[in-house]
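Values below: all heavy atoms of this structure, side chains included; hydrogens, waters and symmetry mates excluded. Just follow the structure's listing: the first ligand is 1, and inside any ligand the first atom is 1.
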Amino acid sequence: MRTAIYPGSFDPFTNGHLDVVQRATRLFDRVIVAVAKSESKHPLFTSEERLTLVHEAIRGMPNVEADTFDGLLVEYVQRQSAQAVLRGLRAISDFEFEFQMALMNRKLNENFETIFMMPKDTYTFLSSRIVKEIARLGGDVSPFVPPHVRTALAAQLATEKT
Ligand code: PNS
């Protein structure tokens, strides 16, 4: 059983994230989308809300699960007996931080590999941060996120305004 952990803040989950999950299911028996609490990043959605959005997005994908985690990623990977951590790599600008994180994780635990996956080229410009900004400014985010995420974004941003 080959298990991969796909960690991230997923604030919120986008079509780019879904594309990486779909690609990963061809390589692994079990893929766990692991929603980090990431409280220091002051996320728009709580980790439970982000988890619900991921659950809805992966519905019907038999070998994909979703979970939340707090604390060190390496410890979560160990608890799940996973062989790999997946990260999407969109552009050179992602590389420096991702490289540092992968090598630091390897220093902390040598028993798994970090695997970088490139999402479909349509999504190389996509990020959760940009999606939130577009939604905040009243733009249409429907090409970038699943429909239920778009609805959740609109609802959440409406409460922000009140
Ligand atoms: O989607 P993000 O915010 O880029 O994801 C970053 C994430 C959550 C993967 C990273 O911050 C992480 O692994 N956090 C858990 C805490 C940890 O292990 N930190 C040391 C990383 S070297």
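- Checked against Y6 for a side-chain contact (heavy atoms from CB on, under 4.5 Å), the options L86, V54, V64, I115 give a single hit: L86.
- By the 4.0 Å heavy-atom criterion, R87 is counted among the residues contacting ligand 1.
- Ranking the protein heavy atoms by distance from atom 14 (N) of ligand 1 puts F69 CZ, 4.5 Å first.
- Of all the listed residues (K107, M101, M104), M101 holds the heavy atom that lies closest to atom 10 (C) of ligand 1.
- The shortest contact between atom 1 (O) of ligand 1 and any protein heavy atom is with S9 N, 2.9 Å.
- The neighbour count for I92 CD1, taken as heavy atoms of other residues, nucleotides or ligands under 6.0 Å away, does not exceed 12.
- Closest heavy-atom approach to atom 15 (C) of ligand 1 within the set S127, A36, G71: this belongs to G71.
- Using a 4.5 Å heavy-atom threshold, the side chains of L53 and H148 count as touching.
- Contact check for E98 versus F116: side-chain heavy atoms found under the 4.5 Å cut-off.
- Distances from atom 18 (O) of ligand 1 to the heavy atoms of L73, V85, L108, V74 show the closest one on L73.
- At a 4.0 Å cut-off, at least one heavy atom of K41 sits close enough to ligand 1 to count as contact.
- Side-chain polar atoms of Q78 and N109 form a donor-acceptor pair below 3.5 angstrom.
- Between N63 and F28, the closest heavy-atom pair is ND2-O, 3.4 Å.
- Protein heavy atoms come within 4.0 Å of atom 4 (O) of ligand 1.
- Between the side chains of D140 and S142, at least one donor-acceptor pair of N or O atoms lies under 3.5 Å.
- Every atom of ligand 1 with a heavy atom of N105 under 4.0 Å away is listed here by number and element: 21 (C), 22 (S).
- Looking only at heavy atoms of the protein, atom 19 (N) of ligand 1 is closest to L72 CD2, 4.2 Å.
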